[in-house]
Amino acid sequence: MKIFLKTFALTFLYLFLSSTFVKAKSKEMDVVDYSKDIIYQIITDRFDDGDSSNNPSGNIFSPNCTDLHKYCGGDWQGIIDKIKNGYLTDLGVTALWISQPVENIYALHPNGYTSYHGYWSRDYKRTNPFYGGFSDFDQLIKTAHANGIKIIMDFAPNHSSPASETNPTYAEGGAVYDNGSFIANYYNDPGNIFNHHGETDFSTYEDSIYRRLFDLADYNLNNSKMDTYLKESIKLWLDKGIDGIRIDAVKHMPLGWQKSFTNEIYSHRPVFTFGEWFLGKGEIDPKNYYFANESGMSLLDFRFGKTIRSVLRDHSHDWYDFHEMIKETAKKYNEVNDQVTFIDNHDMARFTTENSSKRFTDMALAVLMTSRGVPTIYYGTEQYLTGDYDPINRKPMREFDKTTNSYQVINKLSALRKSNSALGYGDTKERWINSDVYIYERTFGNNVVVTAINKANHAYSISNLYTSLPQGDYKDVLNYLLDGNNLSVKQNGVVESFQLQPKAVAVWEFSKPTKEALIGHVGPMKGQPGNTIYISGEGFGKQKGSVIVGSKSAEILNWSNTNIKIKIPEIDSGVYDILLKTAHGSQSNVYKNFEVLTGKQVSVRFVVNNAYTNFGENIYLTGNVGELGNWNTEKAIGPMFNQIVYKYPTWYYEVSVPANKGLEYKFIKKDESGSVIWESGTNHVYITPKQGTDTVIVDWKQ
Ligand code: NOJ
Ligand code: NOJ
Ligand code: CA
């Protein structure tokens with residue numbers, strides 16, 4: 001009896017402890033703020049085959065993955081296994097970006113390709129059976145969450161699958177289904193579900209949006225049925241418990257539709273959302289910054305990725321170029337810490353090359369993980385997988401070796417990213433630089449991380465270095481894995497001279513919770529009144545204070561020393577500052593550029609006929625709500641398009657506007673210097689739809 005009681009009590013204690021433990025873990029998971037996370041990008045088919053019974057049969061399957069264009073068997077069970085056996089948890093990654101999970105086409109592409117990568121959707125409300133069923137997906141979410149790992153899904157709302165308008169037997173003709181019921185295909189499309197303007201040559205933004213990306217059947221996102229279907233679909237996956245979304249090909253879809261889409265996500269269940277806006281090497285595109293600041297989502301940081309590659313992979317640039325990129329992007333992105341950084345991915349050559357030293361991969365990973373932005377590691381980089389083009393940059397994982405240097409570097413720096421908020425929230429300061437050496441400091445409140453890297457084959461003697469580190473001795477956080485050294489800091493941040501070894505990286509840190517209220521992150525950065533917003537940082541105090549949006553106090557849903565949850569107050573649409581006051585009356589820093597929307601958003605195509613312009617002038621749209629810039633011509637929407645869906649002198653543009661709302665608006669002509677000519681007469685008036693999409697066509701008022 002005694003023994004029984006004891007076992008009973010122990011079991012009870014165990015159950016109690018384990019349930020609080022699981023709770024504590026899941027409470028820790030912040031699905032909006034990824035500043036302290038490390039994302040690991042998995043091509044589901046190429047990671048691990050955990051269940052051979054779900055593998056395809058026939059000509060779309062390649063049993064030993066000898067044909068990299070075919071399915072190779074990887075699935076969600078494989079990912080579950082690698083979480084459970086510690087490979088991913090010991091690596092230290094805290095979020096997995098997986099292939100688009102939805103059902104894809106089964107047919108073989110005319111060139112012998114398949115949809116193993118998940119980008120050729122067939123039915124967004126069903127799973128890709130070769131990855132698993134919904135119960136496997138639930139299991140993946142559950143296993144990930146129990147291990148403190150978030151799941152980010154890829155989502156491709158730009159297109160269905162490869163198709164031809166003249167040949168119905170080309171793959172599956174782009175056919176798309178709504179939970180099994182047929183919607184349309186590309187070669188027979190009476191409902192105008194797809195755009196039919198040919199293939200893009202990427203020459204202009206408009207061309208990239210309204211023409212096909214390669215042979216992919218391009219959705220007409222101004223079609224109400226498609227709009228509703230895609231929004232319903234993402235909500236289905238949000239309800240399945242995903243923690244983040246990576247949106248494919250955002251440069252190829254109207255910004256207006258995407259803004260309405262992100263607001264749909266954030267009004268349903270806010271999760272971190274970031275898009276893929278591809279930039280080539282050396283490419284700088286102001287539209288990329290504009291999109292990141294206006295769409296409601298972050299972007300994959302191609303500028304960062306391409307620049308670090310040019311320094312440590314291609315050796316065509318040096319640290320001065322890198323630091324220029326750091327400075328410029330900090331100015332151009334409203335929230336540079338929310339952009340998603342990487343050193344390689346499935347659409348470019350892998351970082352490691354056959355004939356370069358693996359040390360460069362280790363060094364690049366160290367820079368990635370100590371820089372601003374949310375770092376993403378492409379699967380297999382830690383095993384030094386190589387491959388210069390698609391599909392050899394998507395080879396299957398063959399080894400899960402935990403002893404590689406890269407694996408160790410990731411492990412050490414992911415722990416630092418969690419424990420020292422300077423990495424997630426801090427800004428970046430250059431402390432010592434030449435073409436080979438870059439020493440940079442990240443600080444947030446009292447927290448400091450200093451990283452030193454020397455890419456040369458010879459040592460450098462470093463003198464005249466200053467840091468924000470308090471006086472003391474600092475051990476290399478990487479534990480000399482990359483030949484780093486310890487650091488001795490005297491009074492006022494003066495560093496004793498030292499030798500930075502050839503191809504060395506050293507990381508030193510100091511962390512101490514900040515006492516004054518300091519906001520590190522706010523997200524999502526857009527929303528309609530009533531939506532939930534998450535504020536994180538340090539020193540908020542245990543007692544509830546207040547949060548001010550513009551000049552109005554927000555309802556507080558939750559308050560702790562580091563995390564606050566608020567409701568967006570009922571205020572006019574527009575861009576506001578956010579700040580908080582602690583219970584003791586002290587005020588935090590100001591977090592800028594928060595956009596309050598009028599309400600639920602719908603995507604409307606505005607069309608204006610007979611708008612004649614002189615060379616250098618473009619047509620823009622402005623109006624009486626924040627979404628239209630509140631009559632501020634600097635915030636007017638555009639330049640509008642005039643080449644594809646309609647042609648000059650007709651101009652058109654999709655805009656995210658409040659649903660079921662009477663709008664007043666006007667078109668303006670604006671030239672490169674910003675001078676404005678207003679449309680004359682009274683304002684146009686228009687009531688937006690309650691849901692779905694719309695098109696409104698007017699004549700330019702002379
Ligand atoms: C970008 C993806 O990353 C790429 O792999 C894919 O083929 C295209 N978008 C089309 O979905
Ligand atoms: C100037 C425009 O000309 C007019 O039409 C509009 O109503 C006002 N801005 C709003 O302030
Ligand atoms: Ca399988």
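Read the numbers this way: they start at 1 and go in the same order the structure lists the ligands and their atoms. Heads up: numbering here begins at 1 and tracks the sequence.
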May I ask you to check if any N/O/S atom from [X] comes under 3.0 Å of the Ca ion (ligand 3)?
{"X": "Gly73", "value": "yes"}
{"X": "Ser52", "value": "no"}
{"X": "Tyr131", "value": "no"}

Got a sec: does the [atom1] of [X] have more than 12 other heavy atoms crowding it under 6.0 Å?
{"X": "Lys395", "atom1": "NZ", "value": "yes"}
{"X": "Lys402", "atom1": "NZ", "value": "yes"}
{"X": "Asn111", "atom1": "CG", "value": "yes"}
{"X": "Phe134", "atom1": "CZ", "value": "yes"}

Starting from [atom], which protein heavy atom do you reach first, and at what distance in Å?
{"atom": "atom 9 (N) of ligand 1", "result": "Asp248 OD1, 2.8 Å"}
{"atom": "atom 6 (C) of ligand 1", "result": "Tyr119 CD1, 3.7 Å"}
{"atom": "atom 3 (O) of ligand 1", "result": "Asp347 OD2, 2.4 Å"}

**OP:** Spell out, as yes or no, whether a donor-acceptor pair under 3.5 Å connects the side chain of Thr114 to the backbone of His69.
**Re:**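 Yes.
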
Original post:
Between Asn158 (side chain) and Ala249 (backbone), is there a donor-acceptor pair under 3.5 Å?
Top reply: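 No; judged by distance alone, with no hydrogens or angles, the pair does not exist.
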
**OP:** Decide whether His521 and Asp338 meet the rule of one side-chain donor and one side-chain acceptor closer than 3.5 Å.
**Re:**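 Short answer, yes.
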
Subject >> Atoms of ligand 1, numbered as shown, that sit under 4.0 Å from any heavy atom of Glu276 >> reply: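 What qualifies from ligand 1 is 1 (C), 3 (O), 9 (N).
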
Heavy-atom pairs closer than 4.0 Å: do any link ligand 1 to the side chain of [X], the backbone, both, or neither?
{"X": "Arg394", "value": "side chain"}
{"X": "His117", "value": "neither"}
{"X": "His252", "value": "neither"}

Subject >> Arg246 near ligand 1 by a heavy-atom separation under 4.0 Å >> reply: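 Yes, that is the case, since the closest heavy atom of the residue is under 4.0 Å from the ligand.
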
Subject >> Pair Phe302 + Phe342: ring centers closer than 6.0 Å >> reply: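 They qualify: ring centres under 6.0 Å apart.
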
Write the atom name of the N, O or S atom in [X] that is nearest the Ca ion (ligand 3).
{"X": "Asp51", "answer": "O"}
{"X": "Asp49", "answer": "OD1"}
{"X": "Asp75", "answer": "OD2"}

Original post:
If you draw the axis of the six-membered ring of Tyr177, does the NZ or CZ of Arg126 fall within 45° of it and under 6.0 Å from the ring centre?
Top reply: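 The answer is no, since Arg126 fails at least one limit relative to Tyr177.
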
